[in-house]
Participant: 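Pasting a structure below so you can have a look.
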Amino acid sequence: MTVQTLVLRHGRIEQRVCFAAVDAVPSEEFLSGSEKEQLAGYKFAAKKKDFLLGRLAAKRALGALLPEPDLRRIEIGAGDHGEPLVRHPQAGSTEVTLSHSHGVAVALAYAAAYPMGIDLETISAVSAGTIIGELGTSAPEQAWLAAAGVDDATACCVLWTAREALGKALKVGLNRPLGELALTDIRAVGEGNWVGRYLNYPQCQCLSQAHGDRVLSLAMPVEAELGAWPRLK
Ligand SMILES: CC(C)(COP(=O)(O)OP(=O)(O)OC[C@H]1O[C@@H](n2cnc3c(N)ncnc32)[C@H](O)[C@@H]1OP(=O)(O)O)[C@@H](O)C(=O)NCCC(=O)NCCS
């Protein structure tokens with residue numbers, strides 16, 4: 001489990017953003033009563049596991065930001081499009097974004113004035129070719145794929161997670177043509193780290209990072225800077 005406080009800067013404004021990563025399925029005692037009922041309603045073990053991992057990551061990130069040591073007092077519901085809704089007496093405009101992939105969940109708690117989205121995926125060489133074909137890649141993305149020296153599986157994961165992170169920041173998920181969420185101006189900023197802009201959403205930028213066999217992407221306002229990259233471990 002990792003909990004990290006990052007500083008988001010916009011001009012002279014500084015906001016704390018809290019990141020959490022959870023890689024071991026917890027027992028349910030950190031859930032509220034209604035969340036325990038929700039958990040009991042899931043039929044499949046994989047869904048239960050994702051729910052526990054995702055809720056713990058989200059509550060640890062929120063618990064650090066609010067701050068609230070008793071995670072049972074923080075509840076996370078869902079909005080009309082599946083977006084997480086934070087319930088806590090001191091939540092104010094605090095929001096959370098979360099993702100789970102193959103036994104790991106990550107979350108970012110942030111102030112709504114600076115909308116953020118997060119996505120974590122496991123790199124899969126098997127599906128890379130198909131997915132790249134289906135992404136509706138933009139010309140700048142194709143140029144990056146050809147020149148960046150990144151293997152197809154990782155590149156596919158960067159492009160995919162960048163779209164999903166933006167869909168979450170916009171609260172629409174992937175409920176729209178994928179090509180609409182395409183990137184432009186993708187730059188490497190160190191080994192395994194990329195920064196990109198969005199072709200149709202110039203107000204947002206993407207930070208993507210390869211961590212072993214996973215890629216983590218964040219979408220956030222273009223005018224803001226994050227003091228450090230989130231750490232999975
Ligand atoms: C967002 C989405 C792409 C995530 O898919 P995924 O790759 O399977 O899952 P991830 O693990 O990366 O992310 C899942 C989390 O994204 C969040 N999420 C779901 N929909 C979201 C949305 N519209 N906006 C922001 N975040 C969203 C949820 O917190 C979810 O976790 P939870 O279900 O445990 O609360 C997908 O759920 C989607 O496209 N949803 C929108 C479609 C829609 O409108 N559905 C109606 C739901 S009632």
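First listed ligand is number 1; within each ligand, the first listed atom is number 1. Values below: all heavy atoms of this structure, side chains included; hydrogens, waters and symmetry mates excluded.
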Participant: Does the distance from a Lys or Arg side-chain N to an Asp or Glu carboxylate O, for E75 and R55, drop under 4.0 Å?
Facilitator: no

Participant: Under 6.0 Å from the ring centre and within 45 degrees of the ring axis: does the NZ or CZ of K47 meet both conditions for the six-membered ring of Y42?
Facilitator: yes

Participant: Which residue supplies the protein heavy atom nearest to atom 1 (C) of ligand 1, what is that atom called, and how far is it?
Facilitator: G173 CA, 3.7 Å

Participant: Could you walk me through whether K59 and E35 satisfy the salt bridge (charged side-chain N to carboxylate O under 4.0 Å, His left out) test, starting with their C-alpha distance in whole Å, then the side-chain angles of each, then the deciding distance to 0.1 Å, before giving a yes or no?
Facilitator: CA-CA 12 Å; K59 288 182 180 220; E35 287 169 335; 2.5 Å; yes

Participant: Tell me which protein heavy atom sits closest to atom 18 (N) of ligand 1, plus the residue, atom name and distance to 0.1 Å.
Facilitator: G82 O, 3.4 Å

Participant: Looking at atom 39 (O) of ligand 1, what's its closest protein heavy atom, distance included?
Facilitator: L174 N, 2.8 Å

Participant: Among protein heavy atoms, which sits nearest to atom 10 (P) of ligand 1, and what does the distance come to when rounded to 0.1 Å?
Facilitator: K168 NZ, 3.4 Å

Participant: Atom 37 (O) of ligand 1: protein heavy atom closer than 4.0 Å?
Facilitator: no

Participant: Is there a donor-acceptor pair under 3.5 Å between the side chain of H88 and the backbone N or O of Q90?
Facilitator: yes

Participant: Side chain, backbone, both or neither: which part of D119 comes within less than 4.0 Å of ligand 1 when only heavy atoms are counted?
Facilitator: side chain

Participant: Starting from atom 7 (O) of ligand 1, what is the nearest protein heavy atom, named by residue and atom, and what distance separates them?
Facilitator: E164 OE2, 2.6 Å

Participant: Quick one: do F30 and L56 satisfy side-chain contact (heavy atoms from CB on, under 4.5 Å)? Show the steps, please.
Facilitator: CA-CA 7 Å; F30 71 95; L56 184 58; 3.7 Å; yes

Participant: Out of G79, P84, G117, A78, whose heavy atom is nearest to atom 26 (N) of ligand 1?
Facilitator: P84

Participant: Checking a contact table here: which protein heavy atom is nearest atom 33 (O) of ligand 1, and how many Å away?
Facilitator: K47 NZ, 4.2 Å

Participant: Would you call K171 and E95 a salt bridge, taking side-chain N to carboxylate O under 4.0 Å as the test?
Facilitator: yes

Participant: Heavy-atom distance to atom 27 (C) of ligand 1: which of E83, Q38, R163 wins?
Facilitator: E83

Participant: Just to confirm my output: which protein heavy-atom neighbour is closest to atom 44 (O) of ligand 1, and how far is it?
Facilitator: N175 ND2, 3.2 Å

Participant: How many angstroms lie between CG in L226 and CG in L207, if you round to the nearest 0.5 Å?
Facilitator: 6.5 Å

Participant: Test side-chain contact (heavy atoms from CB on, under 4.5 Å) on V195 and C206 and set out the steps.
Facilitator: CA-CA 6 Å; V195 175; C206 173; over 6 Å; no

Participant: Looking only at distance, does D80 have an N or O less than 3.5 Å from an N or O of ligand 1?
Facilitator: no

Participant: I'd like the name of whichever of R55, E121, H81, E95 reaches closest to atom 35 (O) of ligand 1 through any heavy atom.
Facilitator: R55

Participant: Can you see which heavy atom on G173 is nearest to which on L181, and at what distance?
Facilitator: O-CD1, 4.4 Å

Participant: Looking only at protein heavy atoms, which one is nearest to atom 31 (O) of ligand 1, and what is the separation?
Facilitator: L98 CD1, 3.4 Å

Participant: Under a 4.0 angstrom heavy-atom cut-off, which atoms of ligand 1 come close to K171?
Facilitator: 22 (C), 23 (N), 24 (N)

Participant: Go through ligand 1 atom by atom and flag the ones less than 4.0 Å from a non-hydrogen atom of H100.
Facilitator: 10 (P), 11 (O), 14 (C), 31 (O), 34 (O)

Participant: Considering only NZ, NE, NH1 and NH2 on the basic side and carboxylate oxygens on the acidic side, decide whether E14 and R9 come within less than 4.0 Å.
Facilitator: yes

